[in-house]
There are 2 protein chains.
Amino acid sequence: MNPTIKDVAKKANVSIATVSRVLNNLPGYSDRTKAKVYRAIEEIGYQPNAIARGLINKRTQTIGVMFPTVSSLFSSEILRGVEDFAQDNGYSVVVCNTDSDGKRTLKYLQVLREKQVDGLIFSSEVLKDEYYKTLQQMQIPYVLVSTECQYDNVPYVKVDDFQAAYDAVEYLIRYGHRKIALLSGTKHDTIAGIPRIEGYKKALEQHGIPVNESYIAYGDFLFETGCKAMEELLTHAPDLTAIFAASDEMAIAAISVAAKHGIKVPDELSIIGYDDLKLARMSVPPLTTVRQPLYEMGNLSCQKLIRMIQTEEPESSMIMDHSIIERQTVRPFGS
Amino acid sequence: MNPTIKDVAKKANVSIATVSRVLNNLPGYSDRTKAKVYRAIEEIGYQPNAIARGLINKRTQTIGVMFPTVSSLFSSEILRGVEDFAQDNGYSVVVCNTDSDGKRTLKYLQVLREKQVDGLIFSSEVLKDEYYKTLQQMQIPYVLVSTECQYDNVPYVKVDDFQAAYDAVEYLIRYGHRKIALLSGTKHDTIAGIPRIEGYKKALEQHGIPVNESYIAYGDFLFETGCKAMEELLTHAPDLTAIFAASDEMAIAAISVAAKHGIKVPDELSIIGYDDLKLARMSVPPLTTVRQPLYEMGNLSCQKLIRMIQTEEPESSMIMDHSIIERQTVRPFGS
DNA sequence: CTGAAAGCGCTTACAG
DNA sequence: CTGAAAGCGCTTACAG
């Protein structure tokens, strides 16, 4: 049995109330008592029981974080941002891998509720109505990261996807490209899919370049589908000179497929990605891409969450700055 | 206020003991009572409080997992394996990012202890004596993954690093290579560093190839140092025809640097990596590498941990099978 | 089959 | 400055 507050009280010859006071730095005891208590704690190796504390305080100092896949470079970078802030502020984080599965997500929400987490971070997925409903029932604060929603009491932290896509494509245009293809993410994804498609189209239109649907191929942001989509592009739009990929993985896929076809990047084909994962530095050639500050996004969303937990005040949403990281996959057209 | 067991007792007109019994599927009530209780639970939307349960049961259904860096492809794949098994068996997992920092690790151990986790998984790092000491004090089971230690009451799950390195190098030799360099991990790392160096040396010796220290360059398993080490190799051992890299990231670094120098992989230089991260499929050309089954390692270590928690019996360690995944970075010498 | 009561390890008024 | 007591939301003997 681990020693309890009772044991230290007995050892120090005081009441448990007094022990509790010195443990919590509350006022109301002499220096001598304090010393006695600390000595007793030391001697018997006492550690407070956070569960008992949690029961009475109605605070567990624990938050939950939900990801579609924890094992992606994308999610795990956000996770690290969350974890760092949480740890520095005395919170623990329990991770939940939803596999983008509704049932699993709901089950998790249930578990987190029973475990009395103080708050929740929800990442990278659409906040379905049923999630929203249970979340509201749970009566705990939560924040969205790398996603957003229409309810305005729930803050989100993300990049402006439309604008970021627009900027990427405009960057390509500024370099003289006009035959620009889009390696798109999921077609009906309202968060990361549609806005990036719209940004792509808008940039072309603004520069008087007609949108050609055969210059758009769809994947699911991951490498495998990126390869397939890239193959399509190469057959349907063989004259393209540049590609905007809606994720770094798809951009890397484009590089791979191009290599397989003997197409030189960036000499014959320019490619710009999206995310700036660690991956981007490692490709050959290193990938030019739109950076999302994932660590910072995780960090800030955790900060907002903890603030909401502690103040019980609402927090506002935050659009993070994106930027274009120039590496070596884009080259002026015709040079 | 969330409804408690008291509220449902009142609503159902029974005692809280009875509610507790039906909630826990214990014997001792009529079907009619059971129905009444369930109806009450339904009506008031009752959810059990796991914290109160944990206090009395001395079980929190929570485990801790410690990684040097959660955000690496390596750690996060293990994490997913752990998380999957935990979730399927009713456990939650709290993640800890130690940054390989002793103070931070100790602080975490403290927190996990106070939060009364039922067990712990410790990943990828040497289990220092002070960690071992606190862990023993905590009196909870724990298992090591992707690392090992000399205490034989603590089970580990890992690959045979020496053998895996040996096999990788022998694979290169079988393909006719004799000028084989090693892109090593940290020199004094007793887990992933030394055994792989020894495996490399042993394979050479077994095949009558003298070990030449200028064919060995050191990094820390990551991309950046991999690039540096590769540059060294190229200046000190310009005649090498093959490289065994102690991690996929370093292998990718070798590919990048080779490309920069106009050296063709695999035509002029063969490279074999170590890990088989998702990364390995994405390089150009796709990386031949030694596979560690990271997901399975995480999964199994979690299974062992939960079994230890539930049975209070010791578990044995497990050496996982490695294998060579042939992709396109190795070619017979001279072909 | 069912309930009253003790207790898990704490915190927090309340009283002195 | 200090302690006795109630209570957080449960589970579990014990008694009937």
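Here is the naming used below: chain letters follow the sequence lines, and residue numbers restart at 1 for every chain. Keep in mind the model is a prediction, meaning the values are calculated, not measured.
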Picking from [options], which would you name as closest to the side chain of [X]?
X	options	result
A:N57	C:dT12, C:dG9, D:dT11	C:dT12
A:N49	D:dC10, C:dG9, C:dG3	C:dG9
B:I16	C:dT12, D:dT12, D:dT11	D:dT11
A:A52	C:dT2, D:dT12, C:dC10	C:dC10
A:I56	C:dT2, C:dG9, D:dG7	D:dG7

Query - Side-chain H-bond candidate by donor/acceptor type, A:D220 with A:T186, under 3.5 Å - result: no
Query - Polar side chain donor-acceptor pair, A:N2 to A:Y46, under 3.5 angstrom - result: no
Query - Close side-chain approach of B:R53 to B:P48, heavy-atom, < 4.5 Å - result: yes
Report summary line: When every non-hydrogen atom of A:R104 is compared with those of A:N97, the smallest separation belongs to NE-O, 2.9 Å
In whole Å, what is the span from the [atom1] atom of [X] to the [atom2] atom of [N]?
X	N	atom1	atom2	result
B:L23	D:dG9	CG	P	15 Å
B:D7	D:dC8	CG	C1'	13 Å
B:Q116	C:dC10	CD	C1'	11 Å
A:K36	D:dG3	NZ	C1'	13 Å
B:N25	D:dC10	CG	P	17 Å
B:R113	C:dG9	CZ	P	14 Å
B:K115	C:dC10	NZ	P	15 Å
A:L26	D:dT2	CG	C1'	13 Å

Roughly how far, to the nearest 0.5 Å, is [atom2] of [Y] from [atom1] of [X]?
X	Y	atom1	atom2	result
A:T311	A:I306	OG1	CD1	11.5 Å
B:T134	B:L109	OG1	CG	4.5 Å
A:R80	A:N299	CZ	CG	9.0 Å

Report task. Taking A:T69 for its side chain and A:S71 for its backbone only, find out whether a donor-acceptor pair lies under 3.5 Å. Result -> no
Query raised in the report: Quick one: does B:T98's side chain have a donor or acceptor within less than 3.5 Å of a partner on B:F67's backbone?
Result: yes
Side-chain N or O of [X] closer than 4.0 Å to phosphate OP1/OP2 of [N]:
X	N	value
B:S15	C:dG3	yes
A:S30	D:dC1	no
A:S20	C:dT12	no
B:K34	C:dC1	no
B:N24	D:dT11	yes
A:K58	D:dG9	yes

Query raised in the report: Aromatic rings B:Y151 and B:Y132: how do their planes relate, parallel, tilted or perpendicular, breaks at 30° and 60°?
Result: parallel
Query raised in the report: 5'-most contact on DNA chain C: A:K6 or A:R53, nearest heavy atom basis?
Result: A:K6
Query raised in the report: Mapping B:N13 and A:Q47 to their closest nucleotides on DNA chain C, which lands nearer the 5' end?
Result: B:N13
Requested in this report: Could you tell me which residues satisfy side-chain contact (heavy atoms from CB on, under 4.5 Å) with B:Y38, sequence neighbours excluded, listed by chain and number?
Outcome: B:V22, B:K34, B:I41
Report summary line: Note, DNA chain C 5' to 3' with Watson-Crick or G-U pairs under 3.5 Å encoded as ( ), [ ], | and . gives |||.||||||||.|||
Quick test: give all pairs of protein nitrogen or oxygen and nucleotides 13-16 of chain D nitrogen or oxygen below 3.5 Å, distance rounded to 0.1 Å.
from	atom 1	to	atom 2	distance (Å)
D:dA13	N6	B:R21	NH2	3.3

Report task. Assign A:I51 to base, sugar-phosphate, or nothing according to its heavy-atom contacts below 4.0 angstrom with the strands shown. Result -> nothing
